[in-house]
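Chain letters run A, B, ... following the sequence lines, proteins first, then strands; residues in each count from 1.
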Amino acid sequence: MDLMSKLEGEYRKKDIPKFSPGDTVKVHVRIKEGDRERIQVFQGTVIKKRGSGLGASFTVRKVSSGVAVERIFPVHSPNITEIERLRMGKVRRSKLYYLRNLSGKQSRIVEKKEDKKVNNKKAKAK
Amino acid sequence: MKAIFGKKIGMSRIFTEEGESLPVTVIQAGPCQVLQVKTADKDGYSALKVGYEELEESHVNKPMGGVFEKAGVKAHRYLREIRLDSDSEDINVGDYINVDIFKPGEKVHVSGISKGLGFQGGVRRHGFGGGPKTHGQSDRLRAPGSIGQSSYPSRVLKGTRMAGRMGNEKVTTTNLTVAKVDPENNLLCIMGSVPGKRNSFVKITGAK
């Protein structure tokens with residue numbers, strides 16, 4: 001009887017899409033202003049995913065009008081209504097801190113056309 | 001005075017509807033069965049004797065088995081008393097105390113046995129500053145400093161703070177807020193940290 005997972009299951013989101021560092025994502029965040037509620041979209045590159053369970057979070061970085069902005073989102077927060085994966089990125093490490101020191105052309109990430117893990121599984125099934 | 005006994009499960013976080021994240025300690029509290037009702041007339045003070053965590057009959061020795069049999073309740077691992085301000089009238093032997101005596105938002109105190117940290121020096125145990133790092137110092141970084149004067153008193157005063165065993169003692173954390181009550185699984189989520197390691201026995205008391 002794992003009481004902890006019983007409790008956490010109540011708060012855990014079940015429909016989180018797959019995404020990994022290097023991907024470009026759109027994060028829909030619910031924002032409360034007084035008694036008005038609206039959805040704000042933050043689009044950028046995932047540079048970090050950390051933690052497990054309810055404590056998991058990810059960091060999205062974007063450069064808007066020359067100023068870099070990084071936001072950390074708790075994966076299971078009810079304020080995050082949707083995470084959309086727009087583009088997969090081909091990267092070789094799990095924490096993309098090196099992007100902070102790069103700008104312009106150098107900070108681009110090559111697009112990954114296919115998910116190798118999925119393809120490998122398919123190949124094995126054959 | 002409201003109180004219940006339980007077991008620390010661990011720490012986690014829960015989210016409010018507004019999306020706020022609360023750091024919580026999860027405690028599996030109760031149900032505690034009443035073994036005896038102590039009254040001012042008979043025992044000199046008012047209290048409830050309760051048991052927590054049911055056991056197999058075969059895990060209890062004969063003298064303790066007799067105690068449970070006499071009260072007509074199931075065997076329990078822990079037996080403790082809950083002091084009351086005045087004699088209770090509506091609680092009888094065999095009744096259960098459940099987590100629903102607490103409501104979210106209420107303030108509670110939590111007592112338990114703190115984690116045993118073993119032999120620790122003055123810096124960790126009492127928050128001493130240690131010695132200077134530089135200016136020609138050697139072997140003074142975490143030294144306790146002077147422990148007394150020479151000619152008078154010419155001895156070390158009793159109770160002088162020094163290195164020694166730390167932890168493994170009763171600690172009470174006061175005025176914590178109850179974040180969530182789950183009567184179905186007998187779980188209590190309390191904001192902040194609570195003494196003891198996982199699976200350690202704790203007492204939760206209502207704060208006045």
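Enclosure of atom CD in A:Glu33 by more than 12 non-hydrogen atoms of other residues, nucleotides or ligands within 6.0 angstrom is indicated. Around NZ of A:Lys95, the count of heavy atoms belonging to other residues, nucleotides or ligands within 6.0 Å exceeds 12. Shown here is B:Lys74, whose NZ atom has no more than 12 heavy atoms of other residues, nucleotides or ligands within 6.0 Å. Residue B:Lys115 qualifies as open at atom NZ: its count of foreign heavy atoms under 6.0 Å is 12 or below. More than 12 heavy atoms of other residues, nucleotides or ligands shown are found within 6.0 angstrom of CZ on A:Arg12. Environment of CZ in A:Arg87: crowded, with over 12 heavy atoms of neighbouring residues, nucleotides or ligands closer than 6.0 Å. Annotation: A:Arg93, atom CZ; neighbour count of heavy atoms from other residues, nucleotides and ligands within 6.0 Å does not exceed 12.
For the atom pair CG of A:Leu7 and CG of B:Asp182, the computed distance is 6.5 Å after rounding to the nearest 0.5 Å. For the atom pair CD1 (B:Ile14) and CD (A:Glu8), the distance works out to 10.5 Å, reported to the nearest 0.5 Å. One distance of note links NZ of A:Lys6 with CD1 of B:Ile9; it measures 10.5 Å at 0.5 Å rounding. Residue B:Phe15 holds its CZ atom at 6.0 Å from CG of A:Leu54, rounded to the nearest 0.5 Å.
Interface summary for chain A: among B:Leu187, B:Thr16, B:Asn186, the most heavy-atom pairs under 4.5 angstrom belong to B:Leu187.
Among all heavy-atom pairs drawn from A:Ser77 and B:Gly19, the shortest one is OG-O, 3.9 Å. What you find for A:Lys32 and B:Glu18 is that their closest heavy atoms are NZ-CG, 4.1 Å. The shortest heavy-atom contact between A:Met4 and B:Ser12 is CE-CB, 3.9 Å.
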Test log, rule side chain to side chain contact (heavy atoms under 4.5 Å, CB included), inputs A:Tyr11 and B:Lys180: CA-CA 12 Å; A:Tyr11 296 94; B:Lys180 184 189 163 68; 3.2 Å; yes
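A:Glu10 touches chain B through its side chain: at least one heavy atom from C-beta onward sits under 4.5 Å away, while N, CA, C and O do not.
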